[in-house]
Amino acid sequence: MELIINLSINGIATGMLIFLIASGLTLIFGLMSVLNFAHGGLFVWGAYSGVFFFSLTGSFWIGILCAIVTGLILGLLTEVFIIRPVYGNHIRQILITLGLMLVLSELIKVVFGPNVLPAPVPDYLKGSWLIGDITIIKYRMFIILVGALIFCLMFFTLRYSKIGLIVRAGVMNKEMVQALGINIKKIFIFVFMVGSALAAFAGALFAPSAGAIYSELGMEFGIYAFIVVIIGGMGSIPGSLVAALLVGLANTFTAYYVPILSMVVTMLLMLIVLLFRPQGLFNVSGVSNK
Amino acid sequence: MSESILKLESINTYIDQFHILQKVNFEVKKGELTVLLGRNGAGKTTTLRTIMGLNPASAGTVTFKGENITKGAPYQIANKGIGYVPEDQGIFYDLTVGENMRVAMRHENDETKERLDWSLDLFPDLKRFWKKPAGQLSGGQKQMLAIARSFINETDLILIDEPSKGLAPVIVEAVIDAIEKIKDRTTVVLVEQNFSMAKRLGEKYYILDNGMTMHHGNMKDLEQNEELKRKYLGIG
Amino acid sequence: MNSIIETKDLTIAFGGHVAVNQVSVQLPENQFTSVIGPNGAGKTTFFNLLSGQLKPTSGQVFYQGKEITDWSVVERTRAGIGRSFQLTNVFPNVTVLENIRLAIQSREKVRFNLFRHFKSYTAFEEEAHELLDIVLLDEKAESLAIHLSHGEKRKLEIAMLLALETKLLLLDEPTAGMSLEEVPTILRVIENIKKQEDRTIVLIEHKMEMVLDLSDRMMVLFNGELLAEGTPEEIMKNETVQEAYLGGDPNERVHT
Amino acid sequence: MMLKRMKLSTKVYLLIGLALAFLPFINDSRWFMFLMIQIFVFAIFAMSYDLLLGYTGIVSFGHAMFFGVGAYSAAIVMDRMEASFVSFLLGTLVAVLIGGFISFLAGMLTLKLKSHYYAMLTLALAGMFLYIAERWRSVTGGNDGFTFRIPELPGFLEEHRNFVIYLFCLLAMILLFFGMKRITESPLGRVLVGIRENDQRVESLGYRIMPYKVLISVISGMVASLSGVLYAISIRFVDTSVFDIQVTLDALMMTIIGGVGTLTGPIIGSAIINFSHHYLSDLANIHWIFQRWMILFGAIFILAVIFFPNGIVGTIQNKLAKRKTKKKQYDTTEKSLRKEGA
Amino acid sequence: SGEDEPIKIGVLASLSGALEAYGKQTQQGFDLGLEYATDGTMEFNGRKIEVIYEDTETTPDVARQKALKLLDDDDVDFIVGSSSSGDTLAVTGLAEEYEKIMVVEPAVADSITGSEFNDYLFRTGRSSSQDAVAAAAAIADEGVKIAALGPDYAFGWDGVEAFSNAAEELGAEMVLEEFVDPEATDFTPNLQRVIEHDPDYLFVVWSGANSPWNQIVDMDLQGRGIKLTTGAPDIAALKTMQDLVGMEGFTVYYHELPDNEVNDWLVEQMEEQHGTVPDLFTPGGMSAALAIMEALEQSEGSTDANELIDIMEGMSFETPKGTMTFREEDHQALQSLYAITLEERDGYDYPVPTLIRELKPEETAPPIMNGEGE
Ligand SMILES: Nc1ncnc2c1ncn2[C@@H]1O[C@H](COP(=O)(O)OP(=O)(O)OP(=O)(O)O)[C@@H](O)[C@H]1O
Ligand SMILES: Nc1ncnc2c1ncn2[C@@H]1O[C@H](COP(=O)(O)OP(=O)(O)OP(=O)(O)O)[C@@H](O)[C@H]1O
Ligand SMILES: [Mg+2]
Ligand SMILES: [Mg+2]
């Protein structure tokens, strides 16, 4: 029993981390339908600027804040210079964002050097509680809480404001949305920036839990995020959460019980979900019902 | 004579490298219903899109309420008080009927609610399928949605591209009634192939051909002019 | 008279909404039948059931006496059921000519040939030009379909259907959005087909004059149900039809 | 007239091919030949990718699996058998057959899905292959990979074996180019374009979609696996990196840079990427900025998309087409104006 | 080659990409090695020594292409490399084909001196199994219970297997061999299994950036009486092991550990020229250069490979890590490794590897795996 609890907590924490990374992509890929392969790049930039400013100022929270600002700035630049010419064209999006990804992860090395960077956990989140045989790692509980918070925030914003609708409408027919008097450009910039900031935020939270970060992290996690968004159902926030938790739990439990499968479990999960529910776990129109 | 609300002066529009509109002149007087006529590919839709800023003109000026809007972005133009029903209906397929309407609402207040109720009375089908994804509506129902959506905001001018297309006669009647009603409040420009509808609603007409304005005048005169009708409209 | 296509208790429900409800009809061979009914009555859905785009919840479809309920779109097309679509449905980024050529190629069963250049089938190209000529679109032959105006796309839609030379033609509002000048031409085209042996046309149309002019028989759908069926005269006399579909005072009615 | 032009372009292609065959006489250094061979190999791979992406509208993230299967099958067969001509032929045959078989299975399993989902599924499948290659060490040598020998050539050819391999790859590329070109220009190729443009409409013209999609993905898989064979032969070593997603992404980038839906595009894309890759990284000694040549490399992609939205070949084709229609458009306006005047 | 023609050496290393840091260490070490051996003249008997570095980008086909350029175009006399085993294996065949000596540094795969061995390869770097033998020597003893954790691919499997063999030979009991997805973010389930098997030591083979250290601390393995042991990595990675102070393990190199002139010189020069201390692979680069120079010395400048092979088999040479000897059978350089413990020290932002004892070359000699030994 203790074992199951231990595994579940860790699985959920991993899932929440993945959710945080995927949440930005849910906006950018799921809602805006932009195949952003540079998402992982923003994630790494968040991780590095979080760690850098944490060690500079000694405050974990300032680090997080700086990561978010980094995400917002990079998001703005990316949207305006990279994404804007390629809305609606997935093939060109792939190439241009892959190019951006190369630039972003290489720039990391220019700015922060090519070595792995240690990423400490702030003292008050260090260590773990032991309750009987159950080990609860403090930082993981923290991540679970933050993940839940972000989920609620995003879910209710999309549910009760019009912005989600407008973005989806804009993707389906950009001209018409404009003809209805909506400045879709501005809204796309905004959503893209929020999505990027979420990625950077996830990076800043991820770094301490990994203990060390390196510039190649991005591609790996970018792909994770894509998987989660796809099996969750494009653009569905609850879908992303469920999918992320599934991935997290599946990884943890197979790593314990069937270690031989642990390397492929995410791919297997995706295979199974897509073969039986090609549209993903959640239906998109569930995002915004009023 | 009433004042002009919209004026196009020697408009030239290109789509990619194709020269679609060639020196189009077009004027709409406030409160007068103007109909754009012409055969397929004449440039009617392009004219409306140019007004909306969707295919901006490369030369010439578009003036709306005395203001030059030639270079305006579509959303700015829309916010100046122009409503638009595109010929392909422009509805958002994956959103429900309700969501389609909500996206269009500039304000969500009582006045909007009133307008909404009014359009729903006009097209009861929309009320019935309020929560249905708009992509699943029948062809005519989509058309209704597109028209209803353009009524939802306070506008000074509405551009409607072929409203009667795909609608059953009884609904066409309803649309005619509706346009007649809103005519008092806003000015309407219609592109219409259904000549009897054009005839009943229109006060002024313009005929386009090959991207050029060929004729314009009072609808009444056109009705008499058999030669014009035969030459450009194939009737008479 | 033989019926070319026949439905028995044909029903389809989308969720709770029954779009076509227990429709049993026989459409006679070599005749011109029109389907009318208010918006959302289920006309297009009925076509979708005949052409195989949708599978019924219950009921059956027979084609030339054979049950085809479970046949796919492809099988039905190959057996001779062709249709045009209400919302234009063409191949956007290829030329107009190519759109038609593709239909001819299918009809001629040149499908899996890997080893000849497609342009070596010159007859196809010629025929495509002829068809474009018929629907007054030949000057646009080399334009990409995506660059056509709305009415031009409708014409292309019809030409593609003609190219298939199917026995049964299901036309879904072919003239919607087509200019006044050109409707008569298209009508002539349709009339020509009608005159040909071995062609059965079913037409959905809201333009009553056209319907009355062309039809041998009419059927009226209302709320998914078959409200009436018969000759145009019979249908026009039917009070329910008058009220439900045409509406208002017949004298003031909009005609085209 | 059409036929004449066709012939001209064929002539041009053949001429370029011939020129390439003589290239080693101008620059006979082996690394240059090797670089050219890599260009040919990846051009073949990218062309097979374009068959899916450009001509059928299928986005696959798992194309590396065919490449890898080809490389491994050939390498394993040649490693296990005496290095002889027979083992080479057998290796190639096995590779192509397995590649075809796997793409058939994968196609049946996944091609019913829509774009993103299909892309992700193929990604998952390729991941499985990588996993198997890593696990099945007794056969694949695992992550470290293994080296193998290729058969000796008869007589004096052996002295020029690198030149022979060069010619062989070049020839393979030319033949496959014409082969695939024929496919795309055959009636079948037209159906593929139809599927790409509007798959449901194609059905109501009487074409079954699945057989086409499966057939083309089998052809594409076989060609990809052949490029894997050539790759293995050219480097005489194989490790799990042949299954890496990076291989697929390379093909994707070559195709897009060159021009999606043009077979010449992937060839040009392969040349550009390989050359710029090589020379950019070589510049590292000149200025420190080139140590970070990947930044420039990434920037090339970004600029390519912005300035050559349809790829290099696509953009050029569009320009040519535009000039033609402009003239036509002008003619018709003239005519109508005259008509008006009359 | 003629009397006054330069001696050319081509060095393949990952100078960009994921292993960039390692590649650069090799590069600096190699440069310094030549400087040391030639007293800064960069000449051998009046002949210039020319070094050409090529970046493999950690991609086998690029590695091979660059190797071809070096061998064919630049016509180098020696080839050195590379940072990854895959890159190295893609090139080893060429050394044989061109009949040039290849000094393998620092790729670790056992197969390079094992199943994929050829006569032209000499490895100055240590192999996976040398690591493992050293690790075992550092902790294994009669009755000690050990669990091993490694990444789930060749590197991990080989490392754990070699370690288990060596440890069992020393009388230890292996209670668990646990393999983890190398890209995993969550190691806790695996650690959970380790806890359940209740070993005295947990031996970790790891390489790569995302590491399990944090979670080992979080899961409080020390508190449960499980001691951790592993190979100490380069300094950048040591910084991520802050919480592992007190750990016992081994290392290939840390600049304070060896006590010899060459090392003193190296530390001094690194400080002077680069403002840092030598890192994990710097001495390796230097050793490769020193091996080549020693061989040239003995061949009196001849670069004929077959001559050199005879010389180098069994050749001993001085390096920052003391004397190394190329074993005759498989050309693996036998070398010292170091049993260490991680200690906190003022002024250091990482735990400092402190010497317990030097593991002598004979002690860490791995089994011969290319069939020559039988
Ligand atoms: N995107 C485009 N690219 C190129 N040409 C276009 C494009 N859209 C329309 N055209 C061409 O511009 C001309 C005018 O088109 P437009 O849509 O304005 O006609 P229309 O009068 O609305 O016709 P319809 O009655 O058929 O809707 C046509 O010849 C059409 O082929
Ligand atoms: N795929 C679908 N899912 C759900 N409901 C559908 C679907 N297709 C059609 N419907 C519904 O079925 C009803 C009949 O639609 P259909 O398109 O057949 O009408 P129609 O008679 O062709 O009308 P119109 O004249 O407006 O084209 C409509 O209420 C429509 O909303
Ligand atoms: Mg139009
Ligand atoms: Mg319909």
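So you know, we letter chains A, B, ... as the sequences are listed, proteins then strands, and number each from 1.
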Chain E shares the most heavy-atom pairs under 4.5 Å, among D:Gly145, D:Ser241, D:Ser29, with D:Ser29
Honestly, the part of D:Arg135 sitting under 4.5 Å from a heavy atom of chain E is both
Okay, D:Phe42 and chain E: the region with an atom under 4.5 Å from a heavy atom over there is side chain
ask   = Above 12 or not: heavy atoms from other molecules or residues under 6.0 Å from CZ of D:Phe88?
value = yes
### Task
May I ask you to decide if the ring planes of D:Phe67 and D:Tyr231 are parallel, tilted or perpendicular, using 30° and 60° as cut-offs?
tilted
Under 4.5 Å to a heavy atom of chain D? For E:Asp61 that would be both
Bottom line for E:Thr92: the part with an atom under 4.5 Å from chain D's heavy atoms is side chain
Bottom line for E:Leu94: the part with an atom under 4.5 Å from chain D's heavy atoms is side chain
dist E:Tyr153:OH -> D:Leu130:CG (nearest 0.5 Å) comes out at 12.0 Å
Centroid-to-centroid, D:Phe297 to D:Phe301, below 6.0 Å? yes
If one checks every heavy atom of E:Gln65 against chain D at 4.5 Å, the contacting part turns out to be both
Taken to the nearest 0.5 Å, the spacing of E:Asn370 CG from E:Thr113 OG1 works out to 7.0 Å
May I have the step-by-step check of side-chain hydrogen bond (donor to acceptor under 3.5 Å, both in side chains) for E:Asp110 and E:Ser129, ending in yes or no?
-> CA-CA 7 Å; E:Asp110 282 336; E:Ser129 31; 2.9 Å; yes
Bottom line for D:Ser234: the part with an atom under 4.5 Å from chain E's heavy atoms is backbone
The interface call for E:Tyr98 against chain D, heavy-atom contacts under 4.5 Å, is side chain
Given E:Ser85, E:Ala90, E:Gly86, E:Ala109, the one with more heavy-atom pairs under 4.5 angstrom with chain D than any other is E:Ala90
Nearest heavy-atom approach of E:Asp72 to D:Arg30 is OD2-N, 2.7 Å
Inset, instruction - Answer yes if the ring centres of D:Phe40 and D:Tyr166 are under 6.0 angstrom apart, and no otherwise. - result: yes
Note: vs chain E, highest number of non-hydrogen pairs under 4.5 angstrom among D:Gln38, D:Arg149, D:Met33, D:His277 is D:His277
Checked E:Pro60, E:Gly17, E:Ala67 vs chain D; the most non-hydrogen pairs under 4.5 Å come from E:Pro60
